[in-house]
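Step one of this worksheet: look at the structure below.
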Amino acid sequence: MRVEELPVDERIKRIILERGIEELYPPQAEALRSGVLEGKNLVLAIPTASGKTLVSEIVMVNKLLREGGKAVYLVPLKALAEEKYREFKEWEVLGLRVAATTGDYDSTDEWLGRYDIIVATAEKFDSLLRHGSSWIKDVKLVVADEVHLIGSYDRGATLEMILSHMLGRAQILALSATVGNAEELAEWLNAELVVSNWRPVQLRKGVFAQGELFWEDGKIDRYPANWDSLAIDAVKRGKQALIFVNTRRSAEKEAVSLAPKIARLLTKPEQRGLKELADSLESNPTNEKLKKALRGGVAFHHAGLSRTERTMIEDAFREGLIKVITATPTLSAGLNLPAFRVIIRDTKRYSNFGWVDIPVLEIQQMMGRAGRPKYDKVGEAIIVARTEDPKKLMDRYVFGKPEKLFSMLANESAFRGQILALITNFGVENFRELINFLEKTFYFYQRSDTSHLEWKAKEIVYFLIENEFIDMDIEDRFIALPFGRRTSQLYIDPLTAKKFKDAFPKLEKNPNPFGIFQLIASTPDMGTLNARRKEMEDYLDLAYEMEEKLYVNIPYWEDYRFQSFLNEVKTAKILLDWINEVPETRIYDTYNIDPGDLYRILELADWLMYSLIELYKLFEPKKDVLDYLRDLHLRLKHGVREELLELVRLPNIGRKRARALYNAGFRTTEDIMRAKVSELLAVEGIGLKVVEGLFMHFGVELPKASKKSTEENRKRRKGTLDDFLK
DNA sequence: CGATAATAGCTGTAGACAGCATGTC
DNA sequence: CTACAGCTATTATCG
């Protein structure tokens, strides 16, 4: 189908033509002919990079231009929200306004009412629904990206509930990877179904075993026995490779060992560029390995890296500077980062049940990464058989069908929060109504026997009543209690809220960081770290040493909670180090964690600390305890000792600057107000901009001369992400 | 007997969403 | 529960 022929607003066609697109891909055309443009629901199950985004853009913009209202675009990752936001921003020339919202920024819900296209993570949208923002009724279309995540154990229930809420209230466009039961999904959503395997870049799949590369069409290529020759070969041909492995350690090892072999193939300018990249990295144990790999044009990519490093690697790979990335599943879903050749080294993964085969769905998503639309005619995806039988791998992953999607609504921890929200935020008045709502879900659609779910729902309702989240009157009507309502809005697991509530009496008597951090670490919302065998004794000693600071009893070693208790102690100790200003590099060394891990637990602890304070406010809080908790929260946020609390409250003053000011003799707000500009500028990390901010904060004008140079400073720095991060 | 090499045994394992109110180095 | 890399403790080997 030609773009000209599209039955949509002329302005849309013009913009698409300006992008240089004149002809739609076959699945795109099929999708747009299915009735979505007339308002029908649609499930679109096609491979990544075959143009799902363009379809959703056309549907969204066309609908908004014709009918007004709002479109919500749901994504599974915060990074993806950013990416989509940037893509959709282009449509603002038509007068539409685009916003992105995740837990990271801009949560003031009413503010979102001014926008037409809203990109959000599923959880964020769920939270917005719970807050009952007035603009929700204007949502005319929901696009759910990567809707197969409905089958994910820990996050599937949320997505399923959102769709159940919106079903019938808004048009639904569900974008999915190829799954075993797309028909079922479409039937549930009362939607048309378009399934296709068409790709803009042809995909060639194969299995590699001991030097022989068996292609799906029966052809065989010969290589050196070691599988890494596949990556080297790709680079020799001027292409890039993406290697998937199943542990962080493997990712790092393979990157470092490939680096010298790839280095020989680099041009001089490339070597210079890579060296520059490596030199720009901050120094820490993980980055040292990364630098080594980078100098050979290779990088590893996993969740232990901090945001900065990850984006740097992604960008440099897209530019072609980095030739090979070795990655854990961080890269398998989500960001669009294709490569000519995808090599899958591992098809097994460690889980709670030991070693399990990675689902076909996931392997096929990894394979789908092969082939760069602008550069390659064909992409190659190769699975490495190291110990496994190559024929088995071929049957399972190359010719096999992906798994069916199963509802994960019955997963207890997710279900608990969802039921609470139905009662406290969505006006469900009694058990009958609760079941009525659940009948709209995929779970009910999929299973003939729903007695298990009903029984589970009943159990959860009892739990909620018993712990005073909700109550029930004599006519068996639910009553939402403030504790329940707040828990639901804070978006924490009711079990977390219960743990907090139970601890308040002890906490009030003996507020202290260690006890509070252990409490936070013990909640199901806090992903803890693992205490290693060798460390166990140390943490147990620490726990006994600090016994009177804890709000729980130390379990005996036979207790099933023993290991998790030590994990909590380890997490608490790290948080304690953080607020005592232990340098980050020492934290990485001491606890054997990566920068990304530290960032993650700090982020979680910050959120839970806030929630703890909010809940405490509901139970006749003591003023001094509340103040104590707020100070501790601030210390956690900034990673500072008590003595820096005052400074850290000032604008643009964080951990490092506060410490520098304090050590330079500026210990209070008053010290700074009295200081001369030049004295402040002499402090490390304090520039004109910061000083200006401080003076503005105090309501004092900066002398003219310095103001001018501040203006110049600003000019030099403009052209960043601008209003997006405002 | 002591130093060094080979081997048996043990350990640990991916990822990432949510609140709120504004400004990290 | 079907793995496997990297490390440590233990045993074998050699002079």
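Letters A, B, ... are given to chains in the order of the sequence lines, protein chains preceding strands, and every chain is numbered from 1.
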Regarding [X], tell me which of base, sugar-phosphate or nothing describes its non-hydrogen contacts under 4.0 Å with the strands shown.
X: A/L604; value: base
X: A/Q489; value: sugar-phosphate
X: A/R386; value: sugar-phosphate
X: A/R659; value: nothing
X: A/T387; value: sugar-phosphate
X: A/K656; value: sugar-phosphate
X: A/H633; value: base
X: A/L650; value: sugar-phosphate

In whole angstroms, how far is the [atom2] atom of [N] from the [atom1] atom of [X]?
X: A/D606; N: B/dA21; atom1: CG; atom2: P; answer: 13 Å
X: A/Y610; N: B/dT22; atom1: OH; atom2: C1'; answer: 13 Å
X: A/L634; N: B/dC20; atom1: CG; atom2: P; answer: 18 Å
X: A/I613; N: B/dG19; atom1: CD1; atom2: C1'; answer: 12 Å
X: A/I653; N: B/dT22; atom1: CD1; atom2: P; answer: 18 Å
X: A/L490; N: B/dA21; atom1: CG; atom2: C1'; answer: 14 Å
X: A/L694; N: B/dT24; atom1: CG; atom2: P; answer: 11 Å
X: A/F500; N: B/dG19; atom1: CZ; atom2: C1'; answer: 12 Å

Mind checking ring pair (Phe, Tyr, Trp, His ring centres under 6.0 Å) for [X] and listing every partner two or more places apart, or none if nothing turns up?
X: A/H301; result: none
X: A/H165; result: A/F426, A/F437
X: A/Y616; result: A/F504

Contact string for nucleotides 11-16 of chain B, one letter per nucleotide 5' to 3', B = base within protein heavy-atom range under 4.0 Å, S = sugar-phosphate only, - = neither, reads SSBBSB
Apply salt bridge (charged side-chain N to carboxylate O under 4.0 Å, His left out) to [X] and list each qualifying residue two or more places apart in sequence or on a separate chain.
X: A/K392; answer: A/E388
X: A/D594; answer: A/R248
X: A/R349; answer: A/E362
X: A/R386; answer: A/D346

Please report whether the ring centroid of A/Y350 lies less than 6.0 Å from that of A/W355.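 Yes, they do, as the ring centres are separated by less than 6.0 Å.
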Among residues at least two apart in sequence or on other chains, which ones pass side-chain hydrogen bond (donor to acceptor under 3.5 Å, both in side chains) with A/R635?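 Listed in chain order: nothing, the list is empty.
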Does A/D493 use its side chain to pair, donor to acceptor, with the backbone of A/L495 at less than 3.5 Å?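 Answer holds: yes.
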Give a yes/no answer on whether the side chain of A/S127 brings an N or O atom under 4.0 Å of OP1 or OP2 in B/dG19.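 Answer is yes, contact under 4.0 Å.
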OP1, OP2 of B/dT24 versus side-chain N and O of A/K637: anything below 4.0 Å?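 The answer is no; no side-chain N or O of A/K637 sits under 4.0 Å from OP1 or OP2.
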Can you tell me the base-pairing partner of B/dA16? Count Watson-Crick or G-U wobble geometry only, both distances below 3.5 Å, and say none if there is no partner.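 By the stated definition (distances under 3.5 Å), nothing pairs with B/dA16.
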Identified pairing partner of B/dG23, criterion: Watson-Crick or G-U wobble below 3.5 Å: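 Partner of B/dG23: none found under 3.5 Å.
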Using five pairs at each end of the helix from B/dC1-C/dG15 to B/dT13-C/dA3 to define an axis, what is the angle between those two axes, to 10°?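 Roughly 10°, once rounded to the nearest ten degrees.
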Can you confirm if the NZ or CZ of A/R114 lies within 45° of the ring axis of A/W135 and under 6.0 Å from the centre of its six-membered ring?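 Geometry flag: not set, cation outside 6.0 Å or 45°.
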For residues 527-534 of chain A, please give each side-chain donor-acceptor pair under 3.5 Å, one per line with the distance, not counting sequence neighbours.
none

Contact boundaries on DNA chain C for chain A, cut-off under 4.0 Å to non-hydrogen atoms: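 Nucleotide range with atoms under 4.0 Å of chain A: C/dC1 to C/dG6.
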Upstream residue (5' side of DNA chain C) when A/K348 and A/K253 are each assigned their closest nucleotide: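 Result of the comparison: A/K348.
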Could you give the distance from CZ (A/F125) to OG1 (A/T102), rounded to the nearest 0.5 Å?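 It is 15.0 Å, given to the nearest 0.5 Å.
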Same-atom distance (C1') from B/dA14 to C/dA3, integer angstrom: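 My reading of the C1' atoms in B/dA14 and C/dA3 gives 16 Å.
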